[in-house]
Number of protein chains: 2
Amino acid sequence: METAYQTLLETHKELLDKVSRAIADRTFFAVYPEHPKAYPEDGTVKAQDWLNGQTGNHFNELMQMGEEDWVGDEVSPFLQELLAIKYPYFTPEKLVQNAHDTLKTWRNASPEMRVSVLLDSLERIRHRFFDIAFATMHTTGQSFMMSFQASGPHANDRALEAISLGYEELKRYPASAEWEKPMGKFSVKINKSWNAIGRGVGLVIGCSTFPVWNTVPGLYASLVTGNPVIVKPHPGAILPIAIVVAEIQKSLLEHGFDINIVQLAADTNSNPITKDLAEHPGVRIIDYTGSTSFGNYIESIPGKVSFTEKAGVNSMIIDSFSDIETAMQNMTFAASLYSGQMCTAPQNFFIPSNGVMAGGVKMSFDEVAQKFTDTLRGLVTNPKMGPGTLGAIQSINTLQRIVDAKDLPGTKLLLDSIEIQNEEFPNARIATPIVLEVDAENREVFSHELFGPIVLLIKTIDTTHSVMLAKDLAQTKGAITCGAYTTDKETKSYITEQMNEAFTPVAFNLTGPVWMNQNAAFSDFHVTGGNPAGNATFTDPAYIVRRFVWVGHKIME
Amino acid sequence: METAYQTLLETHKELLDKVSRAIADRTFFAVYPEHPKAYPEDGTVKAQDWLNGQTGNHFNELMQMGEEDWVGDEVSPFLQELLAIKYPYFTPEKLVQNAHDTLKTWRNASPEMRVSVLLDSLERIRHRFFDIAFATMHTTGQSFMMSFQASGPHANDRALEAISLGYEELKRYPASAEWEKPMGKFSVKINKSWNAIGRGVGLVIGCSTFPVWNTVPGLYASLVTGNPVIVKPHPGAILPIAIVVAEIQKSLLEHGFDINIVQLAADTNSNPITKDLAEHPGVRIIDYTGSTSFGNYIESIPGKVSFTEKAGVNSMIIDSFSDIETAMQNMTFAASLYSGQMCTAPQNFFIPSNGVMAGGVKMSFDEVAQKFTDTLRGLVTNPKMGPGTLGAIQSINTLQRIVDAKDLPGTKLLLDSIEIQNEEFPNARIATPIVLEVDAENREVFSHELFGPIVLLIKTIDTTHSVMLAKDLAQTKGAITCGAYTTDKETKSYITEQMNEAFTPVAFNLTGPVWMNQNAAFSDFHVTGGNPAGNATFTDPAYIVRRFVWVGHKIME
């Protein structure tokens with residue numbers, strides 16, 4: 001079987017070449033169309049039926065054997081009801097043992113073989129996009145459209161990016177070469193060979209809000225470089241990634257591999273197994289998305305190669321507008337999208353106290369703030385736009401955070417959460433963003449992440465002050481994104497330069513249907529790895545090459 | 001000035017292309033000829049004079065200003081006398097502050113500019129090869145030939161390798177691109193730009209035995225990727241790298257840069273500043289060569305990207321010989337070269353108790369051991385070969401280690417240190433290798449590094465047992481190299497496979513003038529990073545890409 005995969009199939013090769021060029025060019029390129037319309041018409045109906053069939057039952061698509069129990073306590077944020085889907089439970093010891101049993105085979109499989117298995121798994125996953133979308137909706141609270149795009153095509157594109165870059169790095173050096181050293185009258189010849197060997201078992205720890213998009217880059221990066229992976233989803237969002245794991249297992253089986261090369265490690269909030277897995281000496285690579293405190297703990301475990309995405313505080317620097325209307329629409333949408341539960345959402349809006357220029361007209365701080373709250377109110381109360389933009393709130397803790405935010409000292413409530421109706425899901429856990437005004441002096445308030453639909457309009461002295469604060473927060477607390485509006489070329493350069501020093505990407509003057517929250521595969525690096533928001537980047541070369549090791553041998557005869 | 005360096009000079013470009021191809025091919029290639037004969041005839045004489053002029057004086061080539069003191073207590077292992085050369089002393093705080101003051105300029109210089117400065121510095125260093133050789137001799141105890149090669153051409157080649165790979169990675173993605181996303185009837189266009197930004201101030205901590213060869217890869221890798229560097233040599237071997245730092249400073253000055261982009265941080269054994277520098281929040285990247293315990297400490301400092309080369313226990317697996325004569329010559333030379341003070345030297349020679357086949361004839365363990373000690377004795381007592389191969393002992397602690405080794409329980413002394421004469425340096429600190437026989441049962445004896453001229457011949461059950469022990473030691477204690485002699489193809493495969501699992505390179509059946517101790521630039525990765533001997537590799541892509549960060553910006557208008 002292996003012999004058939006010493007070279008890539010022509011279709012696989014074409015795809016990888018295309019992706020490889022796109023990654024090098026960084027111009028737009030999407031392999032998987034992002035709109036549901038590009039997929040079968042009956043997808044939604046079938047997936048709804050499928051989900052109805054899952055609730056209250058055992059998820060039986062995984063091929064992992066010998067479970068000790070069935071666990072699961074996911075709650076749908078749209079229904080506020082238990083899904084009551086149960087997943088097989090294995091002890092950490094058993095999971096690591098299973099993974100180790102597959103280590104040799106997977107490591108020794110040719111890169112071409114691994115690439116084939118993985119590309120085929122993406123094809124399988126493509127046929128599950130609608131199921132994954134419904135699973136994502138009813139665990140994360142994302143709207144259908146976001147669920148479909150983020151967990152479906154966008155995630156598959158990110159996986160493809162990891163596979164492509166992985167293959168490129170694995171083939172970077174020759175398998176063997178004749179080395180010759182001239183020594184004057186004669187020369188010495190040595191046969192050399194080089195092997196790219198996976199570091200060992202990988203662990204990928206998922207989060208509750210983007211259970212697929214944030215998991216597949218690390219998962220596929222570890223797999224393509226020869227490492228078996230244990231996927232430990234957040235107990236609140238297991239189903240979407242369970243489908244992905246099941247499809248990879250099917251692809252492994254089809255190609256004659258042990259399905260334990262990828263395992264799902266389901267657990268519950270009351271009996272977490274994450275630390276046991278992370279600290280297990282048999283685990284060598286850890287990918288993590290989640291809180292800063294847990295991420296710091298993951299990074300501190302000795303003897304592991306770890307890739308983290310932690311929390312950040314994202315800023316919007318408001319200097320001046322050419323067209324305040326379209327800018328406001330874009331900004332309020334960015335803040336409202338999935339109710340501010342994106343790691344890329346803007347939280348801190350820095351506005352000079354003496355106002356800003358908008359289309360040549362000076363507007364006061366209060367006028368800008370008013371415009372912001374008006375636009376936001378208009379968006380969320382629009383029955384066609386509001387519910388689909390906001391989705392639902394994943395965690396009850398986020399609701400509490402909104403309540404607490406209103407008590408933050410020295411803040412002025414400009415807009416409270418508005419009671420709105422989601423026609424399709426009357427029981428949905430909804431909260432429209434609250435908007436607080438705060439003075440820049442009151443730094444404690446805005447110096448940490450307020451995860452969820454909480455927006456702060458911060459009154460600064462001027463744009464230089466705004467930039468200084470945004471930069472300092474990025475350097476000390478981390479930032480994944482930054483937005484800015486300015487019509488001034490020099491200000492643009494200044495912001496770029498300053499945020500470069502905080503290793504934070506800036507999106508300038510966005511209007512229309514693109515938002516600072518979005519980081520596209522093949523073009524946008526996600527998280528720079530240079531500030532406290534995380535040490536890893538989707539997907540830069542470091543994200544790949546640290547997962548395997550070059551070992552060279554010399555043979556004289 | 002900068003504008004002249006938006007593209008590379010043709011000569012620089014040619015050189016980098018050549019090196020880049022060599023790195024990709026991994027066939028032999030040396031830019032700097034390794035033999036002194038390729039350099040000016042009067043080099044040796046002039047360098048000897050130069051060194052005589054340095055002793056007892058201030059080293060005044062550095063352009064760093066504002067020193068607080070002059071320090072230095074290097075001792076020549078060949079003379080066993082203080083060199084009494086003094087170097088400027090700066091507090092850690094001052095060094096980090098100086099480095100920070102240069103951060104912006106160096107980061108913002110184009111990759112082409114940085115490459116030009118660095119390639120020019122290598123040209124300058126080339127003219128100092130003889131001075132560096134004498135400086136290396138009289139600090140490390142390396143013979144003249146090894147000092148010349150390791151600290152001169154071989155080190156420059158390694159630096160060139162880092163510059164080339166650095167430039168390649170810095171140019172991997174475009175500076176800007178037009179990104180276009182089709183949205184049905186219209187499309188969204190965004191200007192994107194990508195910047196490769198150095199992480200921050202680098203610290204390179206040198207060792208006492210290879211003060212240049214082990215320092216320049218990290219030094220040049222950090223510099224080319226935009227990071228100012230503080231070079232903290234071992235207090236016992238400052239002079240060789242002080243010359244290198246001075247030449248880089250001259251190149252910086254010539255190109256109009258602040259010379260503090262590279263600083264020498266000299267200290268003494270009694271007042272070490274390494275920890276203060278390493279823990280300083282202003283230091284972001286650390287390169288380290290030295291002991292395992294200090295290396296583990298370096299790796300544990302939070303918030304740093306660290307590259308370590310620590311200690312390992314290198315094995316020689318003896319299974320069978322086609323020609324035992326040439327093999328014995330090679331092995332004993334490998335063990336004697338620089339008196340076993342190379343991190344790549346073999347220490348543990350595993351030999352089956354029931355003997356080995358040599359040219360079709362069965363030889364008992366005792367016969368093999370006898371052959372080994374006879375060959376070794378012949379080498380070290382040969383007046384033409386011995387002193388030049390052994391060099392001198394860098395540290396007094398190593399002499400004590402030899403004394404202590406003879407008391408190791410359960411060992412049998414097969415060969416004691418032999419009194420030999422170094423005609424040129426009658427006071428040289430010399431010790432020929434001792435050879436101890438030990439049973440494989442007596443694991444405590446051979447389970448850690450016995451740095452220096454100490455060889456263990458370990459009696460195992462059979463080759464499988466030998467391999468098992470070598471692998472286990474590599475996995476638990478680390479290994480940088482491994483040697484093996486076998487005439488059996490299957491045994492060769494078995495050893496390769498097993499040592500792959502310990503991420504340890506194997507050199508098979510070496511004879512003639514190449515030894516397992518040598519790792520050549522452009523072809524051999526040095527340290528795999530996959531076992532406890534270190535986390536970094538000269539020079540794989542991970543060694544480069546972790547030193548800088550990709551930051552991408554999006555601009556809509």
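Put simply, CE on Met183(A) and NE2 on His35(B) are 9.0 Å apart, with the number rounded to the nearest 0.5 Å. With rounding to the nearest 0.5 angstrom, the NZ atom of Lys181(A) is 14.5 Å from the CZ atom of Phe29(B). In this structure, Tyr173(A) OH and Asp25(B) CG are separated by 11.5 Å, a value rounded to the nearest 0.5 Å.
Ranked by heavy-atom pairs under 4.5 Å with chain A, the first of Pro182(B), Ala30(B), Gly184(B), Gly200(B) is Pro182(B). Among Leu103(B), Asn191(B), Val506(B), the residue making the largest number of heavy-atom pairs under 4.5 Å with chain A is Val506(B). Most heavy-atom pairs under 4.5 Å with chain B: of the set Ile544(A), Ile23(A), Asn296(A), this distinction falls to Ile23(A). Considering only heavy-atom pairs separated by less than 4.5 Å from chain A, the leading option among Gly512(B), Pro513(B), Ala177(B) is Pro513(B). Ranked by heavy-atom pairs shorter than 4.5 Å toward chain B, the options Asn500(A), Leu510(A), Val545(A) are led by Asn500(A).
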What do the steps show when you test Lys492(B) against Ile555(A) for side chain to side chain contact (heavy atoms under 4.5 Å, CB included), and what is the final call? CA-CA 9 Å; Lys492(B) 208 183 274 178; Ile555(A) 305 178; 3.8 Å; yes
Please evaluate residues Lys554(A) and Met516(B) with respect to the criterion side chain to side chain contact (heavy atoms under 4.5 Å, CB included), reporting the C-alpha separation (whole Å), side-chain torsions for both, the decisive distance (0.1 Å), and the verdict. CA-CA 9 Å; Lys554(A) 308 175 193 176; Met516(B) 66 177 268; over 6 Å; no
Step by step, would you call Met556(B) with Thr511(A) a side chain to side chain contact (heavy atoms under 4.5 Å, CB included)? CA-CA 8 Å; Met556(B) 208 157 211; Thr511(A) 58; 3.8 Å; yes
Could you walk me through whether Glu178(B) and Arg26(A) pass side chain to side chain contact (heavy atoms under 4.5 Å, CB included), step by step? CA-CA 9 Å; Glu178(B) 282 285 329; Arg26(A) 307 202 86 71; over 6 Å; no
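At a heavy-atom cut-off of under 4.5 Å, chain B is reached by no residue from residues 299-306 of chain A. Contacts from residues 529-537 of chain A to chain B, taken as heavy-atom pairs separated by less than 4.5 Å, involve Gly529(A), Gly530(A) in sequence order. Residues from residues 519-526 of chain B that place a non-hydrogen atom less than 4.5 Å from a non-hydrogen atom of chain A comprise Asn519(B), Ala520(B), Ser523(B), Asp524(B), Phe525(B), given in numerical order. Inspection of non-hydrogen atoms places no residue of residues 479-489 of chain B under 4.5 Å from chain A.
Trp550(A) approaches Asp540(B) most closely through the heavy-atom pair CD1-CB, 4.3 Å. The shortest non-hydrogen separation linking Pro505(A) to Gly552(B) is CB-O, 2.8 Å. His553(B) approaches Thr504(A) most closely through the heavy-atom pair CE1-O, 3.5 Å. Smallest separation of non-hydrogen atoms from Pro174(A) and Ala24(B): CD-O, 3.0 Å.
For chain B, the nearby part of Ile190(A) is the side chain; its heavy atoms alone come within less than 4.5 Å. With a 4.5 Å cut-off on non-hydrogen atoms, Asn195(A) touches chain B through its side chain but not through its backbone. Residue contact with chain A, scored on non-hydrogen atoms closer than 4.5 Å, involves the side chain of Val188(B) exclusively. At a 4.5 Å heavy-atom cutoff, Phe548(B) makes no contact with chain A through either its backbone or its side chain.
Ion pair Arg107(A)/Glu497(B) not flagged as a salt bridge, since none of the NZ, NE, NH1 or NH2 atoms sits closer than 4.0 Å to an Asp/Glu carboxylate oxygen. The residues Arg172(A) and Glu169(B) are annotated as salt-bridged, a charged nitrogen and a carboxylate oxygen being separated by less than 4.0 angstrom.
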